[in-house]
Number of protein chains: 2
Amino acid sequence: MERIDDIDLRILRILQEDSKKTTKEIAEKLCLTVTPVYERIRRLEKGGLIKKYVALLDKKKINRSVTAICMVSLRYHNEGFIDKFDRQIKELKEVQECYHMAGKVDFFLKIHLQSLDDYHDFVRLKLSRIENVGVLESYFVLKEVMHTTEYYI
Amino acid sequence: MERIDDIDLRILRILQEDSKKTTKEIAEKLCLTVTPVYERIRRLEKGGLIKKYVALLDKKKINRSVTAICMVSLRYHNEGFIDKFDRQIKELKEVQECYHMAGKVDFFLKIHLQSLDDYHDFVRLKLSRIENVGVLESYFVLKEVMHTTEYYI
DNA sequence: GATATAAAAGACATTTTATCTGCTTATGGA
DNA sequence: TCCATAAGCAGATAAAATGTCTTTTATATC
């Protein structure tokens, strides 16, 4: 991928905010015609800079009001165990984010659920049954202060 | 918003995964014509169930390879202070997520940056200068095991 | 500074998609 | 059974995306 210039950046900022904006609307904002804008977007897609386009849903309206953060430490740290944990975590539909961390905690999970009861079940029936899971530390979100999918570029 | 049925759910699953799918493509998957699919999508948008459509960028390709997790505890917990922290955090472009938590830690931040040096500057010049910030605990992501914007519905 | 060359932008035609309208078919009570 | 209502279909129209070709602009070289 060649370098991206200022026009590319402005296009990316717009699309991060609202990907339904038409090429024409974007072109007008940038004082260009549709063709260059169209071609730039295609180039950004082909180059993989734009990964995908998605619809974002309202958590509350689909009944996923509980957000839990869970820090997991494994008992043993052989490479095989870490990969195994990775694979098993990816199977769990409740998990929205999972990071392998540097530090005393090994993994960091963000989980979305309907209720605290569901979290109880999640830990008891799924998470704690994954082999080699050691310490679990759970935190619950009281209020989402901010949450964006955009990067400041 | 009226209840959502199984067809709505199937539409939402598709749009969460790829919002560029055309009404026609979705209609074919669901064995319907474009009109009902079109109207359902409009209804889901109007009802606020679909919040927005966005483009997701590749973190690495835009030079945001470092993800830090930061747990913040405030010194004092009067209501005013909490709101003030909220407002000031929202101003920081590096912060992608911020949650007010239940427990011994007050806030939970996810931050995206170019380098560890930038994190150093972020903490030194921005975070630690916010009034009333007490303990900071930082973690760094070694590997993103999973990260999705989709909800399992 | 003039000129050659390539990259970027524009103009416009064509294809595809979104959107609207009117009509038909299910569905669930009274 | 019949009515009322919601959901779906078919086809027309408007708008957007896409492709092609031309013009402009920037850049490098002489």
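Residue numbering restarts at 1 for every chain, and letters A, B, ... go by the order of the sequence lines. Note that this is a predicted model, so its numbers are computed, not measured.
Counting side-chain heavy-atom gaps under 4.5 Å among Ile, Leu, Val, Met, Phe, Trp and Tyr, the cluster of B:Leu56 also holds A:Val54, A:Leu56, B:Val54.
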task: Assess whether salt bridge (Lys or Arg N to Asp or Glu O under 4.0 Å) is satisfied between A:Lys52 and B:Glu150, documenting all intermediate values.
output: CA-CA 12 Å; A:Lys52 62 194 307 206; B:Glu150 294 170 42; 3.7 Å; yes
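Applying the salt bridge (charged side-chain N to carboxylate O under 4.0 Å, His left out) test to A:Lys143 and every residue at least two apart in sequence or in another chain returns B:Asp86. Residues that satisfy the salt bridge (charged side-chain N to carboxylate O under 4.0 Å, His left out) test with B:Lys126, not counting sequence neighbours, are B:Glu94. By the side chain to side chain donor-acceptor pair (under 3.5 Å) test, A:Ser138 pairs with A:Tyr119, sequence neighbours left out. With sequence neighbours excluded, no residue forms a salt bridge (charged side-chain N to carboxylate O under 4.0 Å, His left out) with B:Arg64. In this structure A:Lys20 satisfies the salt bridge (charged side-chain N to carboxylate O under 4.0 Å, His left out) test with no other residue, sequence neighbours excluded. With sequence neighbours excluded, the residues that form a side chain to side chain donor-acceptor pair (under 3.5 Å) with A:Glu45 are A:Arg42, A:Tyr53.
Taken over five-pair windows at either terminus, the axes of the helix from C:dG1-D:dC30 to C:dA30-D:dT1 are inclined to one another by 30° (rounded to 10 degrees).
Summarising the local packing, NZ of B:Lys24 is surrounded by 12 or fewer heavy atoms from other residues, nucleotides or ligands at distances under 6.0 Å. Other residues, nucleotides and ligands contribute over 12 non-hydrogen atoms within 6.0 Å of the NZ atom of A:Lys59.
Residue pairs that meet the salt bridge (charged side-chain N to carboxylate O under 4.0 Å, His left out) test with at least one member in residues 109-125 of chain B, sequence neighbours left out, are A:Glu97-B:Lys110, B:Glu97-B:Lys110, B:Asp121-B:Arg124.
Listed by residue number, the members of residues 12-27 of chain A with any heavy atom below 4.0 angstrom from DNA chain D are A:Thr22, A:Thr23, A:Lys24.
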Mind listing the N/O atom pairs, protein and nucleotides 6-10 of chain C, below 3.5 Å?
unit_1 : atom_1 : unit_2  : atom_2 : d
C:dA9  : OP1    : A:Arg40 : NH2    : 3.4
C:dA9  : OP2    : A:Arg40 : NE     : 3.1
C:dA9  : OP2    : A:Arg40 : NH2    : 3.2
C:dG10 : OP2    : A:Thr33 : N      : 2.6
C:dG10 : OP2    : A:Thr33 : OG1    : 2.8
C:dG10 : O5'    : A:Thr33 : OG1    : 3.4

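Atom P of nucleotide C:dA18 and atom OH of B:Tyr38 are separated by 9 Å, given to the nearest angstrom.
Taking the 5' to 3' direction, DNA chain D first and last meets chain A under 4.0 angstrom from a heavy atom at D:dA16 to D:dT20.
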